[in-house]
Amino acid sequence: MQNYRKRAWAEISLDALAENVRLIQEQLHPGTEFCAVVKADAYGHGEEFICKKLYNLGIRFYAVSSFEEAVRVRRWCPDGEILILGYTAPECAPVLAQEHIIQAILSEEYARELENYLENDPENNLKLKCHIKLDTGMGRIGLSAKSAQERQNVIEIMQKIHALKHLKIDGIFTHFSVADEPDSKNIAYTARQKRSIIRAAQMLQEKNIPLRHVHFLNSAGICYHNDSETGSDSTLARAGIIMYGLMPNSALAVPIPVKPVLSFYSRISHIKTIRPGDCISYGRTYKAEITRRIATVTIGYADGYPRALSNQGEMLVRGIRCPIVGRVCMDQTMIDISRIPEELEIQPGEIVTLSGQDGKASITADDIAGLCGTIGYEIVCGISKRIPRIFIENSRIIHEDHLI
Ligand SMILES: *Cc1c(COP(=O)(O)O)cnc(C)c1O
């Protein structure tokens, strides 16, 4: 196996991950367990090594979004709980039960479909743990539980589910929709969402339906809605984006000093001087007004480097910010390196930081997202398969993708 020089790569700091987990755990109330959200290939960071590290850190609750993710995470995390947050085809129910995976329940009909597949399975004593999803205002999935009337209805449905032979209700949960923008209206909305689920939990207790878990905190909830009065009612904190060191809302300071786990790098392939009037890239959207030094970087939108950064973004070379000129292409992008002193003698092969720290300068996925009108989540999840992830622990490479 030969390790050739890479055109672009992402470095994943498992040390930063460990520190972020520690900082977040410090913020949790005693009754709240850390639940690592590792869906979407651990937000593009690489599920296997993120999960193995979390497992070594003692994390024993994981959340994912699909059957395939859950079955894979079970390989990296042989014990502990794995919760599928959304829909799974009901045919999967027997495997879920065998693998001790918890399934979210989205509706009464869905519960019955799961029950049917479990009932008809040759292994007839299968039990599937489930967490009932309540829709308290997100409007995505779950049993509607906003009003007292709706909550009453939820209790009746849950009593029916409780009576099913193969489903075991282990908890209820809900998801916040505006926790990341805590202005007074949204604070009130989130507080109503919390009250709805806490009230539903009380009503279930009165009906003798025991719940091991009642949970509602996501990253924004942990940051902005984790007061000791109601935050402590969440038995799990479903930490996604802040665990990876990005912000639920990049316009707002996060009260936890987490650091980005992922850094993204590429290289310069070609350098030239252009004269006034010369144009760069498709559409000739950039035209030099004066003489400029232009470097081509081996990164493009096929790598998940957004085309929306055309004539907008910056990259770091030797700690100096270099603006993107012209349109981002599929595999290549041009930057203006005129600000870099000649005597530094930048050559093809030079490393370019797309996101990460370089000297005193840094660019985060949140910064990139801001320029593209999106959120940091979409940037890290969008880094494509073509980009090898290199995992670093104690300043050493412990794994590298795509060796050939
Ligand atoms: C993705 C997801 C989370 C994690 O969200 P973050 O904002 O990344 O913390 C938590 N709960 C549910 C239901 C989710 O779908």
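Throughout, residue positions are numbered sequentially from 1 according to the sequence presented. Atoms within a ligand are numbered from 1 in the order they appear, just like the ligands themselves.
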dist Ile132:CD1 -> Phe173:CZ (nearest 0.5 Å) comes out at 9.5 Å

I'd like to know if the side chain of Asp135 pairs up with that of Ser144 as donor and acceptor (distance under 3.5 Å, no hydrogens or angles considered). no

- Task: Quick one: sort the Phe391 and His399 rings into parallel, tilted or perpendicular, breaks at 30° and 60°.
- Result: tilted

When rounded to the nearest 0.5 Å, the distance separating CD of Glu350 from CG of Leu344 is 8.5 Å

With the criterion set at N/O pairs under 3.5 Å, what does the list of contacts between the protein and ligand 1 look like, atom names and distances included?
from	atom 1	to	atom 2	distance (Å)
ligand 1	7 (O)	Tyr377	OH	2.6
ligand 1	8 (O)	Tyr43	OH	2.5
ligand 1	8 (O)	Ile241	N	2.8
ligand 1	9 (O)	Ser219	N	2.9
ligand 1	9 (O)	Ser219	OG	2.5
ligand 1	9 (O)	Gly240	N	3.0
ligand 1	11 (N)	His175	ND1	3.4
ligand 1	11 (N)	Arg238	NE	2.8
ligand 1	11 (N)	Arg238	NH2	3.3
ligand 1	15 (O)	Lys39	NZ	2.7
ligand 1	15 (O)	Arg140	NH2	3.4

Check: For Glu115 and Lys165, what are the C-alpha separation, side-chain angles and deciding distance, and is it a salt bridge (Lys or Arg N to Asp or Glu O under 4.0 Å)?
Finding: CA-CA 8 Å; Glu115 171 74 11; Lys165 193 170 136 214; over 6 Å; no

Side-chain touch Glu123/Leu126, heavy atoms, less than 4.5 angstrom:
yes

